[in-house]
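So that the names make sense, note that chain A is the first sequence line, chain B the second, and so on, each numbered from 1.
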Amino acid sequence: MKIADLDYYATFGNTFLHKVPVKLKLFDIAIILISALFIKNIYTLGVIYAFLLLILMFSGIPRLKTFKISLYPLIFASLFLFSVNNLTLPTALNLIFKVLCISTSFAILILTTSYIQIFKAMSGFLPDIMVNILFNTYRSLFIINNTLDNLLTTVRLRGGVSIFRPVYSLKTIGNLVGFFVIKSIETSEKMYEGLKLRGYSDKVFCSRD
Amino acid sequence: MSHIHIPDGILPLWLWVLGYILIGIFFIIEAFYIKKSQKQAKFSLISIMAALMLLTMSIPIPFPVPYHINLSVLTGIILGPTLAFFAIFTSNLLLVFIAHGGITVIGLNTLVIGIEASLGYYAFKFLYKKTDKIFFSAFTATFFALIISTFLTIGIVYAGTHNFSTFSNSHCSSKGVHQEKLSVHNEKHLDNEQIEQQKHNKTEEKFNIKRFLSLMFIFGLIGWILESSLTGFIVSYIKRVKPDILHKFEKEKDIEKIKNENS
Amino acid sequence: MEKIIEISCFEHVYPDKTKIELCGIEFIVCKGEKVALLGPSGGGKTTLIKHVLGLLTPSHGEIRVFGVDPYKEYNKIKKRIGVVLQNVDEQLIGPTVLEDVMFSPLNYGHSQEESKEMALKILEQFGISDLKDKIIHYLSGGEKRKVALAGALVLHPELLVLDEPFSGLDIRSEKEFINLINQICEEMRISVVISTHNVELVSEFADTMYLISSKNRLSTKGSPREVLYMDEELKNYSLEEPTIVKLFHSLKNEGFSFETNPINVEEAVEALKK
Amino acid sequence: MEKIIEISCFEHVYPDKTKIELCGIEFIVCKGEKVALLGPSGGGKTTLIKHVLGLLTPSHGEIRVFGVDPYKEYNKIKKRIGVVLQNVDEQLIGPTVLEDVMFSPLNYGHSQEESKEMALKILEQFGISDLKDKIIHYLSGGEKRKVALAGALVLHPELLVLDEPFSGLDIRSEKEFINLINQICEEMRISVVISTHNVELVSEFADTMYLISSKNRLSTKGSPREVLYMDEELKNYSLEEPTIVKLFHSLKNEGFSFETNPINVEEAVEALKK
Ligand SMILES: Nc1ncnc2c1ncn2[C@@H]1O[C@H](COP(=O)(O)OP(=O)(O)OP(=O)(O)O)[C@@H](O)[C@H]1O
Ligand SMILES: Nc1ncnc2c1ncn2[C@@H]1O[C@H](COP(=O)(O)OP(=O)(O)OP(=O)(O)O)[C@@H](O)[C@H]1O
Ligand SMILES: [Mg+2]
Ligand SMILES: [Mg+2]
């Protein structure tokens with residue numbers, strides 16, 4: 001799922017989870033995180049995961065999509081599990097539950113809370129420059145996302161890249177990404193001009209409440 | 001896959017906290033440096049590179065293995081060896097928020113990929129100065145940086161998991177013993193004999209670093225080649241279309257040339 | 001006459017629930033016809049065009065291009081369609097003009113030499129051979145558009161789709177560009193669909209006009225002369241009449257009467273002489 | 001009258017050796033004046049504006065804005081200038097509309113409450129209070145422009161600089177936007193510099209017009225009525241006359257004579273009645 005779609009759900013969704021204060025949600029995540037990391041009993045972990053799935057079921061956010069997102073880290077986890085000699089089921093389940101608990105809770109968070117709110121909550125303990133970078137990245141993401149969409153559409157309309165000529169295709173993709181990088185860098189230059197003209201004083205970027 | 005995201009829950013507490021601490025210290029020093037050297041102008045570039053790294057992952061590459069581009073070496077080349085860390089940290093952080101996992105290892109991941117970016121930067125600078133071949137330099141630099149960073153990842157995983165059994169619940173009863181072992185291992189975890197000995201102990205669950213290594217290399221190799229050639233094509237394209245982005249490398253080269261002419 | 005595009009009535013719902021319903025009359029493009037799609041910003045012109053190109057699929061309704069559903073079978077018809085979308089800037093990929101124009105032929109399996117020959121020929125036809133080694137990035141807006149158009153026409157498609165080809169150009173370049181399109185389409189006998197919100201220029205290139213209202217309805221159809229003088233209609237579509245039309249409306253309101261409905265300066269002069 | 005901008009003759013060389021030389025006559029903006037900078041695409045309008053804003057510095061020539069060199073001392077004058085550049089998207093910084101408009105006040109040291117109050121007031125004045133909690137990237141093109149303008153005017157600057165504020169808008173929105181600018185500038189007594197390549201609209205907002213030719217020369221200056229009727233000049237500048245002007249030229253060539261030089265529909269009706 002694309003970041004733009006996630007942001008859309010977070011912004012315009014209207015479930016009860018959207019209304020929970022961000023700080024509370026982050027606190028909950030922290031608790032889940034700590035328990036997932038330190039609990040060794042797979043049954044307890046399983047219960048936590050089941051609880052998260054239950055929330056997901058009744059939250060009103062797109063269930064299947066969220067579930068799919070949360071499965072992503074399993075790819076990496078499986079790589080580690082394959083490398084364990086004499087792997088036993090409990091060990092595997094233990095790791096899988098840990099990973100899933102964490103990713104599911106984050107998936108629920110991101111579908112119900114906009115980045116803006118999360119960054120604001122985080123601005124308490126991150127240095128100014130980092131907060132500025134975060135907000136600016138968020139804004140940049142959406143600007144250059146349009147560019148990327150247009151580029152990909154163009155390639156599609158003009159014949160697309162084919163798997164049968166790998167080197168040529170790779171070069172085309174290289175050109176495409178190169179173009180994208182250049183465009184993006186120009187975007188950043190324009191953004192900085194905008195910042196400067198509007199009086200950016202390298203302190204405040206965004207109101208904090 | 002040129003990059004392995006280490007999932008949460010594999011590495012022990014001390015290791016990932018250490019990662020956070022290291023990256024924290026680095027950022028504090030860096031923030032002072034930015035303030036002093038008036039490099040605030042770069043911060044929109046940092047954000048853009050972070051956004052780029054996130055977005056390029058979604059570009060479909062028509063190859064049998066679903067592969068996503070990472071662009072960390074390119075980030076290094078464009079942002080320079082230190083500022084690249086900020087962009088990498090940001091993109092890692094945002095990745096966690098789209099549930100790609102790995103909140104505990106953000107510090108370590110940033111460290112590894114950041115080192116990859118700066119190594120790539122220096123390697124590219126060196127090679128480009130010597131050979132003046134843009135594609136070759138970018139390709140080789142990326143390939144080299146990727147190999148090193150893979151070894152770093154493996155090293156970290158090894159440091160964290162060579163006593164993997166302590167992590168499993170099924171050995172709760174022998175926890176004390178294992179804890180003891182842990183301390184022993186930490187002291188001499190490169191002791192080959194010890195590992196051999198462990199290997200013979202067939203009933204015990206054991207993180208097999210060799211198998212992990214080969215897995216990483218099988219998946220890695222395809223990824224490295226793809227990523228390196230892509231970086232090569234991208235940098236060549238930039239060189240042709242907007243060479244001023246690579247200005248810093250050119251200057252060095254010119255100086256070199258002048259020196260050569262003089263001598 | 002052979003119908004190239006046929007859309008009866010379709011509805012599209014964007015992921016954010018924005019619903020675009022383009023119903024009312026059928027949207028039909030015949031062989032050799034030049035069709036203009038006129039509507040205000042946000043009216044749904046791009047949405048319609050994306051459906052024609054198979055980039056989107058409607059939630060209701062059916063779309064036929066060259067007799068097939070473009071969303072499902074775009075591969076079958078993609079060689080027959082040339083496209084220039086709204087942001088030219090992001091549609092030029094090759095580092096140089098020549099390489100960019102060669103992009104499609106290469107992708108469709110022509111050899112390097114063939115592609116080069118085709119590209120050079122079309123650049124010649126466009127009168128921009130001298131640009132061939134220039135780097136895309138440093139072209140002016142008007143030049144970029146010409147190159148994009150050359151890239152779209154290099155394979156001699158049967159249908160040309162242009163989404164707001166004039167935005168950002170100054171009037172002189174707009175006129176130049178229109179002449180180029182008219183001339184090339186004449187030569188190659190291509191059907192054209194152009195979306196625009198520029199009422200002043202429509203009459204210079206379109207045989208048929210469709211209006212899209214700001215409420216995403218498609219209904220009026222006719223020749224520019226007919227449509228531009230329906231001032232009630234235009235109001236409903238939150239479009240302004242072109243200056244000449246407005247002038248003649250005002251004059252009629254003042255009690256003058258004219259036999260013709262002029263839509264450009266020459267006709268206006270003729271009408272006023274009487 | 002107090003001169004706010006003074007540029008005599010300057011030359012700028014871009015890194016890729018493109019040389020822009022804007023010489024000929026002085027470019028002067030006085031207090032309370034509304035100046036339009038008309039020129040074809042690639043003429044150097046943006047270049048001139050970037051010099052005024054101190055984003056570029058000339059290799060030859062001198063630029064004075066509020067009596068200082070903007071490149072070196074922009075900090076001294078930045079509070080007195082409001083800007084909206086060509087690409088609005090990249091100038092909207094804050095995540096939400098309200099926060100974006102609050103950006104400048106916050107950065108100039110106003111407190112959180114003050115800033116908020118100022119932002120709310122200007123949004124009210126613009127009639128877009130209902131947008132205040134919207135996230136920037138979900139706004140339409142026209143709305144984005146309004147927000148950018150609100151952000152530029154929130155601190156009540158003395159000079160407003162707009163670079164092609166109308167590109168990409170349809171005619172209706174253009175007119176709306178012009179009315180908004182005219183009204184606000186009247187209220188706040190601001191001097192305005194607007195660059196555009198739209199000859200049709202110039203007469204609706206400008207007191208004074210400068211022409212930039214496609215060969216990067218700045219020379220003609222005058223009120224829209226004067227300049228738009230210099231058809232030789234316009235030709236040289238590769239610009240077209242507005243439709244009404246063209247019509248009256250043609251009529252004059254046909255032997256009619258008029259006392260006035262109309263530049264809009266109402267005036268044209270008056271003139272034709274006689
Ligand atoms: N990806 C999208 N997601 C959500 N809504 C969209 C999307 N694209 C377009 N829309 C909405 O659909 C409507 C029609 O948009 P469309 O781009 O088709 O209009 P248009 O006639 O091409 O306008 P313009 O002249 O600005 O290009 C608008 O209200 C727009 O906000
Ligand atoms: N960063 C740059 N590097 C090199 N050349 C540039 C750069 N920016 C502008 N130019 C060139 O300078 C000339 C004037 O450009 P400028 O953007 O000032 O024109 P403009 O009148 O604003 O045109 P438009 O209507 O397209 O915005 C053009 O020929 C352009 O190619
Ligand atoms: Mg459109
Ligand atoms: Mg410009």
Side-chain angles (χ1 to χ4, degrees), chain A residues 1-14 60-62 64-66 111 114 142-187 189-190, chain C residues 14-18 46 49-50 52-56 70-71 74-75 77-96 99-112 115 135-138 148-155 157 159-163:
Chain A
M1 203 172 182
K2 289 189 188 146
I3 293 182
D5 298 342
L6 291 177
D7 185 71
Y8 185 79
Y9 282 111
T11 314
F12 293 106
N14 191 22
I61 51 181
L64 204 64
K65 271 183 186 150
T66 320
L111 275 158
S114 80
F142 288 91
I143 297 178
I144 65 176
N145 190 31
N146 277 338
T147 313
L148 184 62
D149 273 353
N150 290 336
L151 275 174
L152 292 176
T153 306
T154 303
V155 171
R156 193 179 153 198
L157 290 176
R158 293 178 70 182
V161 282
S162 94
I163 194 168
F164 301 111
R165 283 180 297 171
V167 176
Y168 174 75
S169 301
L170 211 57
K171 190 167 178 205
T172 307
I173 293 171
N175 283 354
L176 188 99
V177 180
F179 183 88
F180 183 42
V181 171
I182 291 173
K183 270 269 159 214
S184 307
I185 290 178
E186 284 178 350
T187 305
E189 282 163 4
K190 284 181 197 149
Chain C
Y14 278 108
D16 62 339
K17 310 268 184 319
T18 313
T46 304
I49 282 181
K50 285 197 173 159
V52 169
L53 298 174
L55 295 170
L56 295 174
Y71 187 73
Y74 191 72
N75 280 338
I77 53 170
K78 65 181 177 180
K79 274 177 129 166
R80 303 168 75 177
I81 305 182
V83 189
V84 182
L85 288 184
Q86 214 161 350
N87 304 293
V88 262
D89 250 351
E90 286 136 21
Q91 281 169 85
L92 302 172
I93 306 162
T96 65
E99 277 167 276
D100 186 78
V101 178
M102 281 165 66
F103 183 81
S104 292
L106 280 177
N107 266 323
Y108 287 123
H110 292 269
S111 73
Q112 191 77 25
S115 308
I135 286 179
I136 293 292
H137 219 69
Y138 296 118
L149 191 62
L153 290 175
V154 63
L155 287 168
L159 173 67
L160 178 65
V161 179
L162 304 175
D163 194 5

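- Screening C:L53, C:V83, C:L85 for a side chain to side chain contact (heavy atoms under 4.5 Å, CB included) involving A:T153 leaves a single residue, C:L85.
- Surrounding NZ of A:K171 are at most 12 heavy atoms belonging to other residues, nucleotides or ligands under 6.0 Å away.
- The shortest distance between side-chain heavy atoms of A:R158 and C:V154 does not fall below 4.5 Å.
- Taking all atoms of both residues into account, the shortest heavy-atom contact from A:T154 to C:Q91 is OG1-CG, 3.0 Å.
- With a 4.5 angstrom heavy-atom cutoff, A:I182 touches chain C only via side-chain atoms.
- Chosen from C:D89, C:I136, C:I81, C:N87, the residue pairing most often with chain A at heavy-atom distances under 4.5 Å is C:D89.
- Per-residue counts of heavy-atom pairs under 4.5 Å with chain A were compared for C:E99, C:K78, C:H137, C:K79; the largest is that of C:H137.
- Between chain A and the options C:S104, C:G109, C:G94, C:P105, the largest number of non-hydrogen pairs under 4.5 Å is found for C:S104.
- Judged by distance alone, the side chain of A:R156 and the main-chain N or O of C:L55 form no donor-acceptor pair under 3.5 Å.
- Interface check for chain C: of the options A:N146, A:L157, A:T172, the most heavy-atom pairs under 4.5 Å are formed by A:L157.
- Qualifying ring-ring contact (aromatic ring centres under 6.0 Å, His included) partners for C:Y74, counting only residues two or more places apart in sequence or in other chains: none.
- Heavy atoms of other residues, nucleotides or ligands lying less than 6.0 angstrom from NZ of C:K50 number 12 at most.
- For A:F12, no part lies under 4.5 angstrom from a heavy atom of chain C.
- Contacts between A:Y168 and chain C at a heavy-atom distance below 4.5 Å involve the side chain alone, from C-beta outward.
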